[in-house]
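All remarks here apply to the structure that follows.
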Amino acid sequence: MQEECNRVQLGDFTLDLKQQVLYLDEFELSVEPKVLELLLYLYQCRQGYVTLKALHENVWSDRVVSDTAVRSAIKKLRTLFNDTDLNAPKYIKSVPKRGYKLICSVKLSPKQTPSQISLNRSETLKQAVIITQAQKRQWQFGHYVALSLVLLMISLSIIGAKQLIDNNLVPENEIALISVSSFPGEKLTLEVSSDDSLIAFTGKLASEQDNQVYLLDKQSGHVDQLTYDANNATFLTFAGNNTQVIYSDLIAGNSSLRNVSLKKRGVTSTTLMAGFHFIGDVHIGSHEREVIVLLSKTANDTPMYYRLNLDTLGLDLLLSTNNTGEEFSMAKLSPDKQKIAAIKELNNKQVELSVIDLASKKLVFQKMLPHITPPIDWKSNTELLLLYPNQLVLLDLNNQTEKVILNDDKSRFSWLSVGSNKLTLLQQDLSRQNRFYVEENINFTDSCNEPCQPSHFLDMGSEVYSVFYADKQHKWITSKIEGQNELALYDDQTGKKSVFFTGNEEIEIQHFSPHDSTLLVKLANRLAILTLNDEASSEQGGAEYGVLRSTIRYLTAQHQVVSDAVFSVFEKERHVFYGERIGGRWQIQKLNLSTMKVELFMADYRSIRITNKDYILANGSGWLFSMSKDNNSITPLNEQINFDIITRWYVKGSKVIWSDFDYRFSYIHTFDLLSKQHKTRQDRFYHLFPRISLSSLDDKLIYRSKSIQNNEIKEVIF
């Protein structure tokens, strides 16, 4: 009897008490040992609250850790359960001074092996057949009466049905999404084999897990995990007549391209290429022993598309960008292998779709897309499919026309793979939010790298993509709602927002000046100043904003390539400092806001921050320098920041703080200008998105976090 109670059902999850394994729908989750030990202790003490002291004494009895480390484990457990709404917890409830309690439903569950599960399903099917046969005999007894009634109802319905069709109440070209697999977890990319029998995909079952490669047999519905040692399996393709899966293991600075043989299941994947800065999108090439891969060898190289021969491992350049700063995101060969379609982001943040004839190298089609980079694939040699977050668009190259063939505002599409007569895509339900913002107090003098105060979760909506501090009570937020980009002021106390500005272009906040209520922003690639009009008011100690209306003044033109920018708050006259690339070289410009005159401030530098005594400069490669305001002497700091669009850097007092990432982990770096000490905090890329915001008023930091959300593999029959 004891053997039957080794498993307990915790809400949607199953916990094996004997083996100490956590499952979701019979799939084993990867959980850190201490996090799992924490869960086991909470389960044992589920009748009451568990204090921090009790957790120290029972879960961390083998070591001495800070309260912050314990809270961090609690946070990881909540993220694993997708239980991040502290106002309405579903699994773990916390009460100040009392502690934590497991509040989900708890039921004993018999321990079953996969063979037992299959046997139970078989027995259930047999019982269903017996019941169906009995019901059939009962039906035969009175089928004549029932048949007469059915024929009468059909006759009466014909006229009504015809009227419905005539009025087009049933769309003639309605497309149905068919679920292919119930495999849980989050999938990133997928590819369908050429014979339509297999689907390979990358993803994970838990946020603490590394992305691995999985294989779905469409006929049996069985899913195999092909890799266990991948760091961040991301893009993949079939090769060798569906006998191999080639995937990119994406780690910035140390990416690799690896091969899994489907003939030798369970064998560790082999490395085709390693040590590249970036290896991204990968697709089958002109034949089965060739793949097309997007890669850059060093951090200073722009990613280009290459042909890779799988036999010789030789690389040949296929597609390159014309201008510095332009970047490819995806490319795909046409079914006849004669053309290639490519998506590229330009310097001015516009997105370009190009179709190139490979034989002549001529551009046969070009189109500017909205400010988004959709996955693409070919439906035929003259038709392209573009997958937007909630739309599937068919582009006819011959007629140069577009047609929306699928539209769904309640879900999000993220990847696609096209076969001969069907499309396979990833669909995520948007009814449950899986993105939220976390605010923490950071003690820059503490020796630990963890947050020193409990995290504060902010529910600002899943459409928010960046946050910037306004004052102690308010935050500027940027969102994308129904295709429109929006800038608003969010009130922490009320949870309400007041819209400040809307437009078609993406909004990136650069700096905020509370003294004159002005925001320095980038609208797509143009620097601009947004100013509150007289209708808005502010009061000392926490602004109370009224009706928010704004005026806009552009500082740069569309053709200029600019980096980030800051207000100068220590000059007698108001200035804006910003980086601009001219002739391939970066330089810092100084713009006088009174006269609107621009002068060169520093050549060969890209970004600047200003302190009371110094300028902190970053060159084009991100290396930091300090320049004294008194004598203009420049000192290298021997520290390097990241200029990726999702990273941020700040100078506060004597500290330089910046974020970095490698697609697997995010990092927050702190460098003390006085002591020259460098500290680094590391967290999962899922948990800590590197677009951080640092308060200028106190030691608060805010970042976006994410729990995984199941998305489904769906098919569309053409």
Side-chain angles (χ1 to χ4, degrees), residues 30 185-191 200-215 225-239 244-260 268-284 291-306 308 310 313 315 319 327-332 342-345 373 375-376 414-417 426 642-647 659-667 682-691 706 708 711:
S30 175
E186 188 162 273
K187 297 98 180 162
L188 297 179
T189 62
L190 60 81
E191 188 74 13
F201 61 91
T202 59
K204 61 175 71 176
L205 290 166
S207 58
E208 289 294 331
Q209 205 175 27
D210 292 323
N211 291 315
Q212 302 296 331
V213 180
Y214 298 87
L215 187 71
Q225 184 171 339
L226 296 184
T227 65
Y228 291 88
D229 58 346
N231 292 308
N232 187 30
T234 307
F235 301 95
L236 80 174
T237 188
F238 284 96
Q244 298 170 285
V245 173
I246 311 294
Y247 72 93
S248 62
D249 204 3
L250 181 56
I251 298 293
N254 191 26
S255 297
S256 60
L257 192 70
R258 301 177 68 84
N259 170 38
V260 181
T268 304
S269 58
T270 58
T271 301
L272 302 175
M273 299 189 304
F276 285 74
H277 177 72
F278 174 85
I279 298 181
D281 184 34
V282 57
H283 292 292
I284 192 67
V291 294
I292 295 173
V293 59
L294 178 65
L295 61 86
S296 60
K297 297 180 180 180
T298 70
N300 295 324
D301 295 336
T302 300
M304 306 288 187
Y305 272 101
Y306 293 82
L308 173 67
L310 296 177
L313 299 183
L315 285 172
L319 282 180
E327 292 188 358
F328 288 109
S329 64
M330 189 174 185
K332 203 73 178 284
I343 299 285
K344 182 169 58 177
E345 185 174 304
T373 54
I376 57 172
S414 58
W415 201 256
L416 80 166
S417 177
L426 292 175
N642 188 339
F643 278 124
D644 193 277
I645 186 64
I646 63 174
T647 60
S659 60
D660 200 357
F661 70 99
D662 60 12
Y663 297 103
R664 187 186 184 197
F665 292 103
S666 295
Y667 309 90
Q682 173 184 298
D683 208 338
R684 282 282 180 178
F685 188 75
Y686 258 57
H687 295 165
L688 199 163
F689 194 66
R691 186 184 277 142
K706 179 183 178 183
I708 70 167
N711 53 357

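It should be emphasised that the depicted structure is a prediction, and the values quoted were computed from it without experimental measurement.
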Decide yes or no for I284 and F238: does some side-chain heavy atom of the first lie under 4.5 Å from some side-chain heavy atom of the second? no
Does W415 reach the main-chain N or O of L190 with its side chain, forming a donor-acceptor pair under 3.5 Å? yes
Please round to the nearest 0.5 Å and tell me the distance separating atom CG of L215 and atom CD of E191. 12.5 Å
Rounded distance [0.5 Å steps], OG in S296 versus CD in E327: 9.0 Å
Answer whether the closest heavy-atom distance between the side chains of V293 and D281 falls below 4.5 Å. no
So M273 and I279, do their side chains get closer than 4.5 Å, heavy atoms only? yes
Looking at every heavy atom in both F328 and L294, which two are closest together, and how far apart are they? O-CD2, 3.7 Å
Heavy atoms, side chains only, cut-off 4.5 Å: are Y663 and T234 in contact? no
Strictly distance-based, threshold 3.5 Å: is any side-chain N or O of N232 a donor or acceptor partner for the main-chain N or O of L250? yes
For residues Y247 and F235, establish whether the separation of their ring centroids is below 6.0 Å. no
So, the side chain of D301 versus the backbone of T298: is there a donor-acceptor pair under 3.5 Å, distance only? yes
Does the ring of F276 carry K297 above it, NZ/CZ under 6.0 angstrom from centre and within 45° of its axis? no
Side chains of P375 and M330: does their closest heavy-atom pair fall under 4.5 Å? yes
Donor-acceptor contact present, side-chain R684 to main-chain E208, <3.5 Å: yes
Counting distance only, does the side-chain N/O of Y686 pair as donor-acceptor with the main-chain N or O of I708 below 3.5 Å? no
Atom of H687, atom of K706 and distance for their closest heavy-atom approach: CD2-O, 4.2 Å
For S256 and A274, the nearest pair of non-hydrogen atoms, with its separation, is CB-CA, 3.9 Å
Looking at Y214, I'd like to know if the NZ or CZ of K187 sits under 6.0 Å from its six-membered ring centre while staying within 45 degrees of the ring's axis. no
Quick check for you: to the nearest 0.5 Å, what is the distance between S666 atom OG and D683 atom CG? 7.5 Å
Quick one: do the T202 and T189 side chains pair a donor with an acceptor below 3.5 Å? yes
Between D249 (side chain only) and L257 (backbone N and O only), is there a donor and an acceptor less than 3.5 Å apart? no
To the closest 0.5 Å, what do you measure between CG (N211) and CZ (R664)? 10.0 Å
Is the ring pair Y667/F665 parallel, tilted or perpendicular, if the boundaries are 30 and 60 degrees? tilted
Nearest heavy-atom contact between P690 and D660 is CB-O, 4.1 Å
T237 (side chain) donor-acceptor with I246 (main chain) under 3.5 angstrom: no
Minimum heavy-atom distance V245-A200, with the two atoms named: CG2-CB, 4.2 Å
From CD1 (I376) to NZ (K332), nearest 0.5 Å: 8.0 Å
Write down the atom of D229, the atom of R258, and the distance for their closest heavy-atom approach. OD2-NH2, 3.7 Å
Under a 3.5 Å cutoff, is there a donor and acceptor pairing between the side chains of N231 and D210? no
Rounded to the nearest 0.5 Å, the CZ atom of F201 sits from the CG atom of N711 at a distance of 9.5 Å
In terms of side-chain heavy atoms, does H277 have a donor or acceptor partner in S255 at a distance below 3.5 Å? no
